[in-house]
Amino acid sequence: MEVTLEKKLQGFQLVAQEKLQAILCSIPGKKELILEPELIKPLEHVCTASWLKLKGIQRIYKHDAKQRLPRAADLVHIYMIRSLLGPYQTLLRQLQPVATNEPSESTDLALRMFHIICVPNCYAYFHALLEQAGLWGVVQLHHYNWDFIYLDQGVLSLELPNLYEGLYLQGNSSVLPAVATSLRLLQMICGKPTVTITFGNHSAQLLQLMKALGKVPQPQNPPDFGAWLIIDRDKDYTSTLLTPAIYAGLLLEVFQLRAGEIIIDNANNKIRNQKVQLLQGKTSPPPNAVKPSCIRLNSDCDEIYGDNRYKHFAQASSLVRAQVKALGLELQKLNDMQLEEMHDYVARKLPKLTELKAKVLRHLNASEIVIQMLGNFRRLQTLEEDILNNVSRKRLLTEIDELLTTDGQRYNTLRLLCLLHLCAGVAPEELQSFARNYCNMFGHRELCVFQQLAQAGLLPVLVPERKSSAKLLSNLPLPKFQQTEFQANANRLKLLTSCADVEQPACGSSSGHPAIKSCPSFVFNGMYIPLAAQLCSMLLNVNSAEQLAAKLAMIEGLQLHVGAESNTPKAYAAQLKMASTETTDVFPLRLRNLFVFVVGGANYAEIAACDFVAKLTGAKITVASDTLLAGSDLIAAAFNS
């Protein structure tokens, strides 16, 4: 029986279970599992509590960083933590007192009473720290990588939310081998693609690591993907910094997401948590406040989400309200039924309707909170559109400063400034003025955040204030021919709908209303096409390597990998011309399934845009990343670093 692509992707769960089982079954005796809170939700996608009990786990606890869990003499404690220095050192400090109480070093590693499973890597210095803490011989280290977690149709995640922080803010690439291992496993399951395109240094490094891991065994079945596209997050920061207009994207702007599940809580969400306390008004919840609920962002588990996930938020929220009214009318039919009809209705239809009503009400509550939290959404979108098109930068800076004072959002105000720097450039003096106002609002301890954002390429380097002559010079208008890297690439790839020409026929509609289901830019109200979606569209529509080279010739850092060779698209097209007739062009793609991997976090706007391109071209696009994030999460990482 032929296994579909979706079934293969869901099969990652079985691989993850086998790997975890190998670790648990190698440890004899009765076991207790202590999980770091951040790992609980992702682990639920791998296995259930009953599955763990079958593998010898007696009890499961949430790890408390403040105190150590007492252990009975006949029990083995297994800790599962993230591969981060902070949580690891905290755990070692908790376990240090047991070093003097435990018997001498065991010759059999499996007989040790304490085990630490690090997700996804166990670094070499972890062993050195273990020895320094005096726990060598008492504690055994393991590493475990659950690889890709299937979140929804066409959406995969490695659930490594700290990768962006380590890779782009700290320059720490130690987690990349684990990502390369997961991508290699995907090749083993789905086959090696005909062509792979990398865009960025980290993407190219991932491909080199995959080659270093060895040749992938040749599968019996043909490959499932015709091409892979691996993109660095810093090559398209704009898709994350812009505010999406689709339902799934705005849910992520307001609510915390963990392993494909959001918590609907009006009192504790991303917008409230980043606002200055003074501007939040009354924070005490009303006596009849709605308790926090959860929505799983999976179209198979939640049909309401499945119907609305990639629709414009206004359309989705109105459809949810209409469904609430329709369900209310359906339930009123009970009043007009005879007794026998009522028995049949209650037994067969009522349970399904009750479950559906609960889902609809959760989505209604979520959409109302989104509307309340985002406030003047139209003003924000107009401001972002002016930033994209570099309209009156002095007014833009004034508006961002005004939002800092009136709205007081710690992350989203910085997010607008980062967007302005990418699209139009921010002068050092302008950054100094903003940083002064920002620190007056949130405290001078936040000054180091500007250095972190500069490290990621989101802001210029903050330098000491200069003399007045330099300030006078900075007030002079910049020449119009000066372009930022974003503007140059956006114009070459036609990412801005304002600069699209006849080669982009899908960016308009006969009704004169751009972006509404006629172009991938609908995810940003017609302002911008995500880079991943545009590259996918090009790969699916070109008929030859020469055509692709013409579109991508001016883009630096983009590499085409066919077989064992790596070239720029232009060099590959030239090589085909000079080669013999036996060398066949890989374009047009024979297999119209694409795999997109974003190094540093993907967002739902990109996923929705790729889904639109797939439907438009009759293809199938799977989007994967180390985590799913919103623009505020990108900025928040600088505060954690």
Side-chain angles (χ1 to χ4, degrees), residues 86 162 164-166 168-171 234 237-238 240-243 253 268-281 283 373-376 379-380 383-384 386-387 392-475 484 629-641:
N162 299 97
Y164 173 80
E165 182 183 334
Y168 294 93
L169 299 179
Q170 300 169 359
D234 60 359
Y237 275 137
T238 310
T240 305
L241 295 175
L242 286 171
T243 307
E253 288 290 326
N268 183 22
N269 56 58
K270 288 182 182 178
I271 305 296
R272 283 203 187 277
N273 292 343
Q274 65 173 293
K275 269 194 175 184
V276 175
Q277 192 72 24
L278 183 66
L279 298 175
Q280 288 195 25
T283 55
M373 289 294 106
L374 291 181
N376 195 342
R379 181 193 175 189
L380 177 62
L383 177 58
E384 289 179 344
D386 288 345
I387 291 173
S392 181
R393 47 180 287 114
K394 189 175 181 181
R395 177 179 62 81
L396 294 175
L397 281 165
T398 305
E399 283 198 43
I400 294 172
D401 273 327
E402 185 183 329
L403 280 173
L404 175 66
T405 309
T406 57
D407 205 24
Q409 293 191 36
R410 186 182 300 268
Y411 306 140
N412 283 340
T413 315
L414 264 177
R415 172 180 175 177
L416 287 169
L417 188 73
C418 293
L419 182 64
L420 179 63
H421 175 63
L422 290 171
C423 298
V426 173
E429 291 77 17
E430 293 167 343
L431 181 61
Q432 288 163 5
S433 174
F434 180 86
R436 191 186 306 112
N437 296 337
Y438 189 87
C439 290
N440 288 338
M441 175 71 74
F442 296 106
H444 285 74
R445 65 184 179 278
E446 309 294 12
L447 192 62
C448 59
V449 170
F450 291 89
Q451 187 61 38
Q452 291 292 326
L453 293 172
Q455 176 72 24
L458 288 166
L459 284 178
V461 176
L462 187 63
V463 295
E465 291 195 26
R466 298 176 182 175
K467 295 181 180 179
S468 56
S469 59
K471 288 186 178 180
L472 183 64
L473 188 65
S474 69
N475 290 329
T484 63
L629 46 72
S632 58
D633 301 321
L634 203 71
I635 305 299
F639 288 77
N640 302 330
S641 184

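Note: hydrogens, waters and symmetry copies are ignored here, and every other heavy atom, side chains too, is used. Residue numbers start at 1 and run along the sequence shown. Please read all numbers here as calculations on a predicted model, not as lab measurements.
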(request) Step by step, work out the side chain to side chain contact (heavy atoms under 4.5 Å, CB included) result for E429 and Q432. (result) CA-CA 5 Å; E429 291 77 17; Q432 288 163 5; 4.3 Å; yes
(request) Give the C-alpha distance, both sets of side-chain angles, the deciding distance and a yes or no for side chain to side chain contact (heavy atoms under 4.5 Å, CB included) between E402 and D407. (result) CA-CA 8 Å; E402 185 183 329; D407 205 24; over 6 Å; no
(message) Under the criterion side chain to side chain contact (heavy atoms under 4.5 Å, CB included), I'd like the reasoning laid out for L414 against F434: C-alpha separation, chi angles, the key distance, then a yes or no.
(response) CA-CA 9 Å; L414 264 177; F434 180 86; 3.8 Å; yes
(request) Please step through side chain to side chain contact (heavy atoms under 4.5 Å, CB included) for the pair L374 and L380, ending with a clear verdict. (result) CA-CA 9 Å; L374 291 181; L380 177 62; 5.6 Å; no
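Under the 3.5 Å distance criterion, the side-chain polar atoms of Y168 are left unmatched by any main-chain donor or acceptor of L453. Panel note: side chain T405, backbone D401; a donor-acceptor pair is recorded below 3.5 Å. Judged by distance alone, with hydrogens and angles left aside, the side-chain atoms of N162 form no donor-acceptor pair with the main-chain N or O of E165 at under 3.5 Å. For the pair R393 (side chain) and L420 (backbone), a donor-acceptor distance under 3.5 Å is absent. Side-chain N or O atoms of Y237 include none that pairs as donor or acceptor with a backbone N or O of G457 at under 3.5 Å.
With values rounded to the nearest 0.5 angstrom, L396 atom CG is found 10.0 Å from L416 atom CG. Between atom CG of residue L422 and atom SG of residue C418 there is a gap of 7.0 Å, rounded to the nearest 0.5 Å. Separating the CD1 atom in I271 from the NZ atom in K275 is a distance of 7.5 Å, to the nearest 0.5 Å. Between F639 atom CZ and L169 atom CG the span is 11.5 Å, to the nearest 0.5 Å. To the nearest 0.5 Å, atoms CD1 (I387) and CG (L419) are separated by 5.0 Å. To the nearest 0.5 Å, atoms CZ (R395) and CG (L397) are separated by 11.0 Å.
Contact annotation: the side chain of T413 never approaches that of R410 to less than 4.5 Å [non-hydrogen atoms, C-beta and beyond]. Side-chain contact between L403 and E399 is absent, with no heavy atoms from C-beta onward closer than 4.5 Å.
Considering only residues two or more places apart in sequence or on other chains, Q451 meets the side chain to side chain contact (heavy atoms under 4.5 Å, CB included) condition with V461. The side chain to side chain contact (heavy atoms under 4.5 Å, CB included) check on L431 picks up L417, V426, F450, L459, P460, L462, with sequence neighbours excluded. With sequence neighbours excluded, no residue satisfies salt bridge (charged side-chain N to carboxylate O under 4.0 Å, His left out) with D234.
The shortest non-hydrogen separation linking Q274 to S632 is NE2-CB, 4.1 Å. Here the shortest heavy-atom pairing between N440 and H444 reads OD1-CE1, 3.6 Å.
Looking only at atom types and distance, the side chain of T243 has a donor-acceptor partner in the side chain of E384 under 3.5 Å away.
Residue pairs meeting the side chain to side chain donor-acceptor pair (under 3.5 Å) criterion with at least one member in residues 415-427, sequence neighbours excluded, are E253-R415, N412-R415. The list of salt bridge (Lys or Arg N to Asp or Glu O under 4.0 Å) pairs with a residue in residues 632-641, not counting sequence neighbours, reads K270-D633. Applying the salt bridge (Lys or Arg N to Asp or Glu O under 4.0 Å) test to residues at least two apart or on different chains, none of the pairs has a partner in residues 416-426.
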